[in-house]
Novice: 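Dumping the structure here so I can ask a few things about it.
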Amino acid sequence: MENQALTRVLTFGTFDVFHLGHLRILERAAALGDYLVVGVSSDELNRSKKGRFPIFSQDERLQLVGALRCVDQVFIEESLEQKRDYLVEYRADVLVMGDDWRGRFDEFGDICKVVYFQRTPAVSTTALIEKIRL
Ligand code: CTP
């Protein structure tokens, strides 16, 4: 699967308390190319970005996302500042992000195509955690 002719798609996320919104964006991302790589945010990155540690550890989230049929490769995203390095390292032709990030990654348009997908309505990890708490 390391063939240069393949269209390689890269996306990022925490994917904690895995839900349908996560599955949909990964399936849509995979449909844009031949090989889908997913950067799963580290526990520490999640803490600094969202102010809390995820429910599932980075290793558990990595295993869950990596087991999906639409996902070919996973790695731990350690830092938001390394996006460009990850895009180069994994030879991304396309970067996919949810539209909660619209415009924030346009700067990478010089090395790959940048696509924003609309989020699946009415579901999020944060809302699920709240619902379970109640
Ligand atoms: N995503 C989506 N639709 C949703 C929720 C998430 O398309 N309803 C996408 C995000 O845009 C992102 C990826 O799934 O590209 C991973 O999102 P993540 O932040 O892990 O999930 P959220 O449910 O948004 O988590 P939180 O509530 O903690 O922000």
Side-chain angles (χ1 to χ4, degrees):
M1 291 298 285
E2 290 298 311
N3 188 327
Q4 285 291 343
L6 297 182
T7 298
R8 299 167 62 93
V9 183
L10 183 47
T11 192
F12 296 90
T14 307
F15 303 103
D16 190 27
V17 190
F18 197 87
H19 58 67
L20 204 58
H22 294 152
L23 182 63
R24 289 217 175 111
I25 196 164
L26 292 175
E27 287 183 332
R28 291 181 72 194
L32 290 182
D34 308 297
Y35 192 86
L36 177 62
V37 184
V38 183
V40 175
S41 314
S42 71
D43 292 336
E44 181 51 38
L45 177 55
N46 205 75
R47 190 202 54 76
S48 64
K49 200 171 60 173
K50 297 186 180 181
R52 60 169 166 77
F53 281 107
I55 303 290
F56 293 124
S57 72
Q58 60 189 49
D59 184 55
E60 290 169 317
R61 291 179 287 112
L62 197 73
Q63 285 189 51
L64 287 162
V65 173
L68 296 171
R69 196 160 43 203
C70 60
V71 175
D72 296 289
Q73 189 175 358
V74 284
F75 68 94
I76 294 292
E77 179 192 20
E78 302 281 359
S79 155
L80 293 178
E81 282 71 50
Q82 288 177 41
K83 279 263 174 354
R84 183 173 289 273
D85 298 334
Y86 293 131
L87 290 165
V88 171
E89 182 179 347
Y90 291 96
R91 305 199 310 278
D93 300 297
V94 187
L95 168 63
V96 168
M97 298 298 297
D99 67 357
D100 39 334
W101 295 94
R102 185 172 295 283
R104 308 255 299 270
F105 294 93
D106 291 355
E107 63 183 285
F108 304 124
D110 59 336
I111 53 169
C112 64
K113 188 173 167 189
V114 182
V115 174
Y116 301 96
F117 279 141
Q118 192 180 12
R119 283 170 65 92
T120 301
V123 60
S124 75
T125 297
T126 306
L128 282 170
I129 292 171
E130 279 306 304
K131 197 171 168 183
I132 293 163
R133 278 212 177 106
L134 295 171

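In each ligand, atom 1 is the first atom listed, and ligand 1 is the first ligand listed.
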Novice: Please confirm whether D99 comes within less than 3.5 Å of ligand 1 when only nitrogen or oxygen atoms on both sides are compared.
Specialist: no

Novice: Judging by distance only, is a nitrogen or oxygen of M97 under 3.5 angstrom from one on ligand 1?
Specialist: no

Novice: Closer than 4.0 angstrom: is that true for some heavy atom of H19 and an atom of ligand 1?
Specialist: yes

Novice: Could you see if V71 belongs to whatever hydrophobic cluster contains V115? Use Ile, Leu, Val, Met, Phe, Trp, Tyr and a side-chain cutoff under 4.5 Å.
Specialist: yes

Novice: If we set the cut-off at 4.0 Å for heavy atoms, which region of R61 has an atom near ligand 1: side chain, backbone, both, or neither?
Specialist: neither

Novice: Starting from atom 29 (O) of ligand 1, which protein heavy atom do you reach first, and at what distance in Å?
Specialist: K50 NZ, 3.1 Å

Novice: Tell me if the CD atom of Q118 is crowded by more than 12 foreign heavy atoms within 6.0 Å.
Specialist: no

Novice: What is the nearest protein non-hydrogen atom to atom 3 (N) of ligand 1, stated with its residue, atom name and distance?
Specialist: T120 N, 3.0 Å

Novice: Quick one: nearest non-hydrogen protein atom to atom 1 (N) of ligand 1, plus distance?
Specialist: R119 NH1, 3.9 Å

Novice: Testing K83, E78, Q82 for side chain to side chain contact (heavy atoms under 4.5 Å, CB included) with L80, which one passes?
Specialist: K83

Novice: Would you check the N or O atoms of I25, main chain and side chain alike, for any that come under 3.5 Å of an N or O of ligand 1?
Specialist: no

Novice: Between Y116 and D106, is any side-chain donor less than 3.5 angstrom from a side-chain acceptor?
Specialist: yes

